[in-house]
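Note sheet for the following structure.
Note that these values count all heavy atoms, side chains included, but never hydrogens, waters or copies made by symmetry. All ligand and atom numbering here is 1-based and tracks the order in the structure.
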Amino acid sequence: MSKVNEVEIQKQYIEKVKEMNKGKKLKYTILTMGCQLNENDSEKLSGMVEQMGYTKTENAEEADLALFNTCCVRENAEDKLFGKVGELKRIKEKRGTIIAIGGCMMQEKHITDKLHESYPYIDIIFGTHTLHKFPEDLYISIKEKNKIDDIINIDGEIYENLPIKRDSKIKASVTIMYGCNNFCSYCIVPYVRGRERSRKPEDILKEVKELAQNGYKEITLLGQNVNSYDGGEINKNGKTIKYKFANLLRDVNNIEGIERIRFVSPHPKDFTDDVIEAIRDCDKVCKLIHLPLQSGSTNMLKIMNRKYTKEQYLELVRKMKEQIPNLVLSTDIIVGFAGETEDDFEETLDVVRKVKFEQVYMFIYSRRVGTLGDKMENQIPEEIKHKRFDRLKELVESQIEENNKKYIGTIQKVLVEGTSKNNPNMLTGRTGSNKVVVFEGSKDLVDTIIELKIVSEHMWYLKGKI
Ligand code: 5AD
Ligand code: SF4
């Protein structure tokens, strides 16, 4: 079946469910775990569900449809899933709520086995490759009262023009590629999201242009490994060229109305010069680049199958900083991967001291069933992992405090996101370097980009003044 046909078929199911739900004032709730890719998937699910006649509620107690989009990258997510599914049982008994669980964790057999065994009241289980078929799954579940298991292990096709309900009116995520080919030995993603598939350049650019026309100002290009984006061969000015991530950055930069471009996550091994040049040349590309390090030890990087050494990473950082004025970096680090010695960990601290990241996302290594890392014998005891994590955290926090001081007195462009969670009288937004800024101002400023003077720093946020 052609891809266009498949989307049309799902649109027909949307109409059928909408017809069944007519006049019923049904509500849905959606809980999303994990990364921005998953959030983007949830926006697509919400788009389909809203077209089928459901309105959103944050309160699961009043939901007729409860969706859970799962992540499996780290362990604690599993406890959260089973806890939530347990809670939903009572709500289902009360009001017949349809329970649908999807996302990355559903691609893991030991998880779905456990769901079938211990939570038989779940109505729909769907995986990462069948998200677009949710209207059909829901239709069958309602109509035939069947339990649906819609999981395949073949790389999903890329379906364009599915409905989408975006969370923000000013910031939008655009997935440019699906899957991952890298098989880092700690990581489950290649097993649950399949091999790399890139969207066509014209489809991505069309989506961004439409977003710009609808008032969106900030675009985040998403993929497990964005700089291995492969847009195929295209004809440009009479010449056939290979359309890569650098081309895409330049083309998105030319779209009128877009003011900020971000992307996550690139892989250091694929950070070619053309990408560095594109970041340098494109004024809208934020000069905060996320560059996952994972470990600072060449030995660990080898075991992790990262395909770069400590020295190569530092050289890349040097080159990027030299070529891109005002560049700052953020990173991901895993502490306590199998076999990590005290010396290996010191190497990680050394890189953190040298690079002075703007932000470090720190993770304690969590064994994932089916990965090479899980099969290794020299696992690190939890206690040592936690001690190392605390040491890294201490270093990172001292650097952040130091770094924050540099902002005081500067003028920053801030994209205003809404009212502050901790103080409803204040507004909150983000700088190009992704720092949270809290300030006093009129609610009319929400969803605009304004200039603020930074007056003080408070570890996890800055205070600004109009
Ligand atoms: N344990 C801990 N952290 C992990 N990450 C990926 N897999 C694991 C794991 N098994 C981290 C990596 C990655 C980020 C998204 O999550 O740092 O970059
Ligand atoms: Fe995202 Fe990976 Fe989690 Fe899936 S497993 S939601 S791709 S972080």
Partner set under side chain to side chain contact (heavy atoms under 4.5 Å, CB included) for Lys200, not counting sequence neighbours: Glu202, Asp203

Tyr186-ligand 1 polar pair, N/O distance under 3.5 Å: yes

Does Glu342 come within less than 4.0 Å of Arg388, counting only side-chain N to carboxylate O? yes

Using a 4.0 Å heavy-atom cut-off, say whether Ile364 meets ligand 1 through its side chain, its backbone, both or neither. backbone

If we only count N/O pairs under 3.5 Å, is Asp332 in contact with ligand 1? yes

Give the contacting part of Val73 toward ligand 1: side chain, backbone, both or neither, where contact means a heavy-atom distance below 4.0 Å. both

Could you tell me whether Lys114 and Glu117 have a side-chain N and a carboxylate O separated by less than 4.0 Å? no

Taking the minimum heavy-atom distance to atom 1 (N) of ligand 1, which of Ser366, Ser295, Pro292, Ser265 ranks first? Ser366

Can you check whether Phe126 and Phe134 have ring centres sitting under 6.0 Å from each other? yes

Contact partition for Gln294 relative to ligand 1, non-hydrogen atoms under 4.0 Å: side chain

Check ion pair Lys171-Glu417 (N to O, under 4.0 angstrom): yes

Per-atom contacts, ligand 1 versus Phe363 - under 4.0 Å to a heavy atom: 2 (C), 3 (N), 11 (C), 14 (C), 16 (O), 17 (O)

Could you work out, with ring-ring contact (aromatic ring centres under 6.0 Å, His included) as the rule, every residue matching Phe183, not counting sequence neighbours? Tyr191

